[in-house]
Amino acid sequence: MPSVPRSRTARRAGRDTPPPEETLPGNRPPRGKGRPPGRIGAGGWAGIGLTGLLVLGTLGGYKVYRDTLGEIKQVKITDKLGDDRPVNATGALNVLLVGSDTREGDNLKYGQKMADAGKRTDTIILMHISPNRDKATLVSFPRDSMVDMPACEGENGNQVPARREMINAAYNEGGITCTIATIEHLTDIRIDHFVEVDFTGFKNIVDALGGIRICLKQPVDSKKAKLTLAAGWHNLNGEKALGYVRLRDYGDNSDIQRIKRQQVFLTQVVKKATSGELLTNPVKLQSFISEAAKSVRMDEELANDQQALIDIAMSAKALTASGVKFITVPWGADPTDKNRVVWKQPQASELFESIKNDTEVTPTASPSASAKPAVKHEQVRVQVLNGTDKPGLAADVAGKLAAQGFVVTQVGNARPATGNVPNTSVRYAKKDAAQGPDYADALAARLSGDKLPPTEGKVRPVSSEKYTPPTGPIAEPPTGPIIQLVIGDDWKGVRVPTKIPDSLKDQVVDTKTDPCQ
């Protein structure tokens with residue numbers, strides 16, 4: 001499969017600034033007979049449904065909007081997911097967004113031959129909203145990804161066996177519950193909620209927004225997507241926007257390139273949905289919120305807690321278009337099938353771990369808090385000791401701490417002959433009782449799970465060696481106390497702010513990306 005083209009800077013001044021909005025023709029593209037056999041045409045519209053909830057941040061307790069939320073369709077899923085699930089201990093919000101291609105009801109016109117084929121999703125996006133709700137990272141999962149799908153209980157109670165299959169088979173065979181189970185199994189990220197949008201819901205939401213601006217590098221004349229457009233800027237109504245996000249016979253015809261166009265489209269959606277044009281117009285806003293509520297399906301826990309919906313939206317007031325980034329799971333061609341992809345490692349795992357351990361909240365000091373300055377990472381010297389039988393764990397943890405500025409002096413082994421150390425601890429020497437707790441706290445704050453209290457007294461390593469970070473030794477190492485991190489069986493990892501790995505930065509789609517695709 002061809003590689004994803006990199007974003008280009010505008011070739012002429014002002015290219016990334018759309019011209020004045022033109023009037024849309026009233027006629028809609030002719031209705032067709034649906035997609036060709038074996039190819040689903042669903043698009044990247046799921047994020048629009050959640051956007052409708054985010055703009056509620058300006059609405060507070062108005063009863064009219066609370067009543068509107070009662071129209072959301074809901075699904076009971078918790079009892080089908082079991083107890084063996086990842087834990088979200090960071091305060092972030094992880095929402096799975098899916099686009100359904102069901103041909104039921106008003107969606108029938110998009111493929112009558114598919115009326116009895118159930119529903120599939122070509123669009124699976126993990127939307128991760130940071131703990132302080134001012135940034136969002138949206139990760140797209142290519143529909144052609146070959147993955148190890150776990151055994152799961154389907155949405156309708158059917159049992160789906162474990163197998164290696166394309167990722168969207170989870171939704172086709174087990175609905176949203178198997179999709180959630182599969183994403184959690186593959187990423188080790190807890191899915192807190194889900195939002196699902198179908199064809200008709202997508203169109204209605206776009207129309208309620210007054211259309212979405214897109215830009216084409218090349219003209220489009222696609223019978224499959226029922227879309228004919230010249231090159232350049234267009235304001236697309238719901239029908240044409242649906243054709244745009246379903247478009248396959250354009251560019252290099254790849255699903256990966258289509259995902260990028262969908263991501264650019266959604267950046268335009270976020271811009272408009274968070275603009276004053278919508279938020280200051282009560283009529284438009286009510287129409288948008290009403291359509292968003294009627295057009296989405298979500299988990300029962302979230303749908304029934306209207307106050308939680310409003311609280312989430314209120315906390316999202318700081319979420320602006322510039323804080324939203326899209327990325328596709330790092331991928332490469334499947335060596336056994338050129339029409340499929342597999343995820344690149346370790347890049348994919350690094351991305352998932354960054355999302356799982358995201359901690360961006362800065363605690364506010366209480367009035368009675370000490371006035372002494374906070375200890376910075378680069379002031380803390382750390383000795384990392386592995387108290388378990390997991391090989392290479394100390395070096396791995398040392399690398400993560402060094403990447404956050406800690407000065408790791410040594411790595412070693414602290415596993416006694418009697419077996420693994422049961423509990424992780426952060427320790428300082430008795431002679432450092434004055435400064436040790438503050439330095440230990442700075443380290444403990446970056447570890448996943450409940451914050452560990454500093455422990456006075458160090459352990460004697462079984463073995464240890466000097467550690468040199470990949471960037472080379474520190475020119476002027478700090479002189480503060482050395483803090484000892486002893487890793488036990490309960491180790492949960494190092495917390496890191498969500499950061500796109502350097503190797504993937506040229507694949508990020510955000511407001512700086514060339515909008516002409």
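By convention here, the first residue in the shown sequence is residue 1.
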If you take all heavy atoms of [X] and [Y], which pair is closest and at what distance?
| X | Y | result |
| --- | --- | --- |
| T182 | P150 | OG1-CD, 3.6 Å |
| I259 | P142 | CD1-CA, 3.7 Å |
| A181 | C152 | CB-CB, 4.1 Å |
| G174 | V160 | CA-CG2, 4.2 Å |
| A225 | L247 | CB-CD1, 3.9 Å |
| L227 | G243 | CD2-C, 3.9 Å |

Give, for atom [atom1] of [X] and atom [atom2] of [Y], the distance between the pair rounded to the nearest 0.5 Å.
| X | Y | atom1 | atom2 | result |
| --- | --- | --- | --- | --- |
| K356 | S448 | NZ | OG | 7.5 Å |
| M127 | H193 | CE | NE2 | 13.0 Å |
| R495 | L447 | CZ | CG | 8.0 Å |
| D207 | L236 | CG | CG | 10.5 Å |
| I212 | H234 | CD1 | NE2 | 15.0 Å |
| N172 | M166 | CG | CE | 10.0 Å |

Heavy atoms, side chains only, cut-off 4.5 Å: are [X] and [Y] in contact?
| X | Y | answer |
| --- | --- | --- |
| K400 | Q404 | no |
| F202 | V245 | yes |
| P86 | I189 | no |
| L216 | C516 | no |
| I191 | I183 | yes |
| M149 | R164 | no |
| V206 | L242 | no |
| W233 | I214 | no |

Problem set entry | L138/L97 under side-chain contact (heavy atoms from CB on, under 4.5 Å): CA gap, chis, key distance, verdict | CA-CA 9 Å; L138 290 93; L97 311 175; 4.0 Å; yes
N-O pairing of [X] and [Y] below 4.0 Å:
| X | Y | result |
| --- | --- | --- |
| D510 | K325 | yes |
| E173 | R163 | yes |
| D299 | K76 | no |

Do [X] and [Y] have side-chain atoms, one donor and one acceptor, less than 3.5 Å apart?
| X | Y | value |
| --- | --- | --- |
| R297 | Q74 | no |
| W331 | S145 | no |
| E300 | T78 | no |
| E196 | Y171 | yes |
| T177 | E153 | no |
| D334 | T336 | yes |
| N339 | D144 | no |

For this session: From the options D192, N94, T137, select the one residue that forms a side-chain hydrogen bond (donor to acceptor under 3.5 Å, both in side chains) with H128.
Result: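 That would be N94; it is the only one of D192, N94, T137 passing the side-chain hydrogen bond (donor to acceptor under 3.5 Å, both in side chains) with H128.
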Can you check whether [Y]'s main-chain N or O pairs, donor with acceptor, with [X]'s side chain at less than 3.5 Å?
| X | Y | answer |
| --- | --- | --- |
| Q257 | R261 | no |
| N88 | A92 | yes |
| E155 | I176 | yes |
| N253 | Y250 | yes |
| N168 | A170 | no |
| N235 | G210 | yes |

Exercise. So does D79 have more than 12 non-hydrogen atoms from other groups sitting under 6.0 Å from CG?
Worked result: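 Above 12, so yes.
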For this session: Please lay out, stage by stage, how V342 and R340 fare under the test side-chain contact (heavy atoms from CB on, under 4.5 Å).
Result: CA-CA 7 Å; V342 292; R340 302 288 179 260; over 6 Å; no
Problem set entry | Steps toward side-chain contact (heavy atoms from CB on, under 4.5 Å) verdict (V75, M298) | CA-CA 6 Å; V75 183; M298 64 178 61; over 6 Å; no
Problem set entry | Worked verdict on S140 versus Q263 for side-chain hydrogen bond (donor to acceptor under 3.5 Å, both in side chains) | CA-CA 9 Å; S140 295; Q263 292 171 340; 3.0 Å; yes
For this session: Show your working on side-chain contact (heavy atoms from CB on, under 4.5 Å) between R248 and R258 and close with a plain yes or no.
Result: CA-CA 7 Å; R248 279 296 288 264; R258 181 178 62 160; 3.5 Å; yes
